[in-house]
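In what follows, every chain begins at residue 1, and chains take the letters A, B, ... in the order their sequences are listed. Just the heavy atoms: all of them, side chains too, but no hydrogens, waters or symmetry mates, feed the values below.
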2 protein chains.
Amino acid sequence: MVKISDVALAANVSAATVSRALNNSARVDPVLAARVHAAAQQLGYRPNAVARNLRRQGTQVWALIITDINNPFYTAVARGVEDVAQELGFSVLLCNTDEDQTKQDRYLEVAAQERVAGVILAPRADDSDVSSVQSGNIPLVIVDRRLAQPVDFVTAASFEGAVMATEHLLRQGWQRPACITRPADTATTEQRRLGYEDVVRRHGLPSIVRHVPFHTDSGVDVINKLFGSADPPDSLLTVDAMLALGVMTSLKRQGLKIGRDVGMISFDDADWATVVEPPLSVIAQPAYEIGAEAARLLARRIKKEGPEDPQTMIMSTTLIVRGSCQRPKARKTR
Amino acid sequence: MVKISDVALAANVSAATVSRALNNSARVDPVLAARVHAAAQQLGYRPNAVARNLRRQGTQVWALIITDINNPFYTAVARGVEDVAQELGFSVLLCNTDEDQTKQDRYLEVAAQERVAGVILAPRADDSDVSSVQSGNIPLVIVDRRLAQPVDFVTAASFEGAVMATEHLLRQGWQRPACITRPADTATTEQRRLGYEDVVRRHGLPSIVRHVPFHTDSGVDVINKLFGSADPPDSLLTVDAMLALGVMTSLKRQGLKIGRDVGMISFDDADWATVVEPPLSVIAQPAYEIGAEAARLLARRIKKEGPEDPQTMIMSTTLIVRGSCQRPKARKTR
DNA sequence: TTGTAGGCGTTATCAC
DNA sequence: GTGATAACGCCTACAA
């Protein structure tokens, strides 16, 4: 592979001049610069970023570590991060942990060893270990799920969103809403559960909560049981789009029609939410903006701008009413 | 940041011994090795991968470049790649080009400069320029969309899949199938169009084809026009899941019921395909396996195993019949 | 078995 | 304005 000294030889200048010309830094004689560029072009010279990073003691690369590449929320976050990063001259490397702590740890370790310029992480759990990047003084921004320790953090208003959702179900006349959520060590979905519980408690209603692990049937079993029980709920709040999918599958199998037999609302406005029947009501998160804001915050940290103490940004959520949470007027109470 | 010489100092050995102990290569006195490990641990030593890569003249990183992170086909490919890579000790960096040639070129350039061990690329177009990685002698495997030039390639049997799909529509009694596809410089979807055309031609039916650019309304406009015309099709083949989404949205708006007024079948078994109403019939691609095979092929290239000339693997597709392509028996011909 | 020394490719510093 | 030189952190002959 052609290196800088080859170009130098061909252009009949020193390696230093080649470097200066190619990085159009400092003043270089235009004639020499032209010769250098021509030689580089002809030899197909491609700077070795590994060597450059070593010498410069830094990279132009960010790691974005997310837990589920299939989740439309995270892919939208990724877009937001990427667009801002591009503008600022960084490349984004996307790492998918599949909700697996081991994979997450490994990616964090790789990021630290590769000396990336910064890391944006959607952690698996609120006690995730991020010491590998922190001890390397690599700027770190957490998105979506809050860590127990204080650190830069961008997320959506989960509690308030769940309150909106649950209150909307009740306003529609549903009387036994249940909350289908994720394991209790997932900070964000816990906020959603709490929001739900806050509302049902205030209304004197029972709290019906089910926790569904990641990587299972996405709640099919849980819903089967729940609606096979003596006193089933009459409506559902699901805390993410994958759960909504599982729940809809299960209800369909049981012959329960959403928007008639059961009310339903979910977090995350997936692209399929409008084509299911009836269209799914959702609490939309500003996912793209969460990514973009996280990226801007990270960029500031890298440039050592702004206040030093950990920042927290909480972006507001939006209720989008579609057909799935409607309740027929003439329906008698269960 | 603590480096190898710091550990050497603390463990009272030479840097070389630290290196050997930490890479548990060669023979190292167990006592010294223990001292080294202890010192490394205590100082929080983290090997500098940049320096290591430079010295070793190679990395343990693959770049996987896909065109659309929202497309469930590509995310499944990514999973396949990742699982195999992990097994072999490589990290996978996922890059999303958003169907943008410029972004693709930039990622290829970055991959080449960062001297990644290998690249797996789902190219935007069949004339995509991959010279940046090729001139760097970086092993390259193409997935999904064939390039004009000969190069390692893994894909699904698109032509045959489209034939299956179209023939199934006709077997169901539909008489004017149309094909909603992508721009003509996308090799894979062209194969699907050709498969469709092959069948309708053999049956003496008109070929009704519409090309929908990436990044638009995903076909809503096209469908609106098509069904507003004098002689609309009675059924549809869409060549990817995003198009299916757009088409379903449009049909819904026009009050056309799939599986009654219109027959529909699509490529790609998205996770929402079973929850829409009626459930969507699909031609499923073995996306995970495509990724896994591409990864295995790449690994062989890196190890310089196997035959030298470009390999092509074409994996078979599966017809999954659900409700969307049914045609009511008692329906009179248009 | 351990240490010394050189070099991976680049760029920043320093004379010229 | 240009060229020689050193150094980024690590690994690996080679010598001891």
Legend entry - d(CG, Leu9(A); C1', dG9(C)) in whole Å: 15 Å
Legend entry - Given DNA chain C, 5'-ward residue of the pair Ala16(B) and Arg56(B), judged by closest heavy atom: Ala16(B)
Inset, instruction - With heavy atoms under 4.0 Å as the rule, sort Val50(A) into base, sugar-phosphate or nothing. - result: nothing
Legend entry - Ion pair check, Asp126(A) and Arg146(A), cut-off under 4.0 Å: no
Legend entry - N/O (side chain, Thr17(B)) to phosphate O (OP1/OP2, dG3(C)) under 4.0 Å: yes
Inset, instruction - Would you please say whether a donor-acceptor pair under 3.5 Å links the side chains of Ser128(B) and Gln104(B)? - result: yes
Inset, instruction - Give me the one residue out of Asp100(A), Asp68(A), Asp185(A), Asp98(A) that meets side chain to side chain donor-acceptor pair (under 3.5 Å) with Arg124(A). - result: Asp185(A)
Inset, instruction - Provide, to the nearest angstrom, the distance between the CZ atom belonging to Arg52(B) and the C1' atom belonging to dG9(C). - result: 18 Å
Inset, instruction - Assign Ile4(B) to base, sugar-phosphate, or nothing according to its heavy-atom contacts below 4.0 angstrom with the strands shown. - result: sugar-phosphate
Legend entry - Length of the line joining Gln113(B):CD and dG9(C):C1', which is rounded to integer Å: 13 Å
Inset, instruction - Report yes if some heavy atom in the side chain of Trp62(B) is under 4.5 Å from a heavy atom in the side chain of Leu298(B); otherwise report no. - result: yes
Legend entry - Whole-Å gap separating P (dT11(C)) and CG (Leu54(A)): 11 Å
Inset, instruction - Kindly indicate whether the side chain of Val7(A), heavy atoms from C-beta on, has any atom under 4.5 Å from the side chain of Leu43(A). - result: yes
Inset, instruction - Please list, in 5' to 3' order, the outermost nucleotides of DNA chain D lying under 4.0 Å from any heavy atom of chain A. - result: dG1(D) to dG9(D)
Legend entry - Pair Arg145(B) + Glu99(B), salt bridge at N-O below 4.0 Å: yes
Inset, instruction - Could you tell me the separation between the CZ atom of Arg115(B) and the C1' atom of dT10(C), rounded to a whole number of Å? - result: 11 Å
Legend entry - Salt-bridge present (Arg296(A), Glu293(A); N to O < 4.0 Å): yes
Legend entry - Of the listed nucleotides dG9(C), dT1(C), dT11(C), the one nearest the side chain of Lys3(A): dG9(C)
Inset, instruction - State whether Asn53(B) places a side-chain N or O below 4.0 Å from either non-bridging phosphate oxygen (OP1 or OP2) of dC8(C). - result: no
Inset, instruction - Go through the N and O atoms of the side chain of Arg55(A) and the base of dT10(C), and report whether any donor-acceptor pair is under 3.5 Å. - result: no
Legend entry - Interatomic distance where CG belongs to Leu43(A) and C1' belongs to dG9(C) [whole Å]: 16 Å
Inset, instruction - Could you say whether Tyr45(B) or Arg20(B) is positioned toward the 5' end of DNA chain D, judged by the nucleotide with the nearest heavy atom to each? - result: Tyr45(B)
Legend entry - Rounded distance in Å - CZ (Arg46(A)) to P (dG9(C)): 16 Å
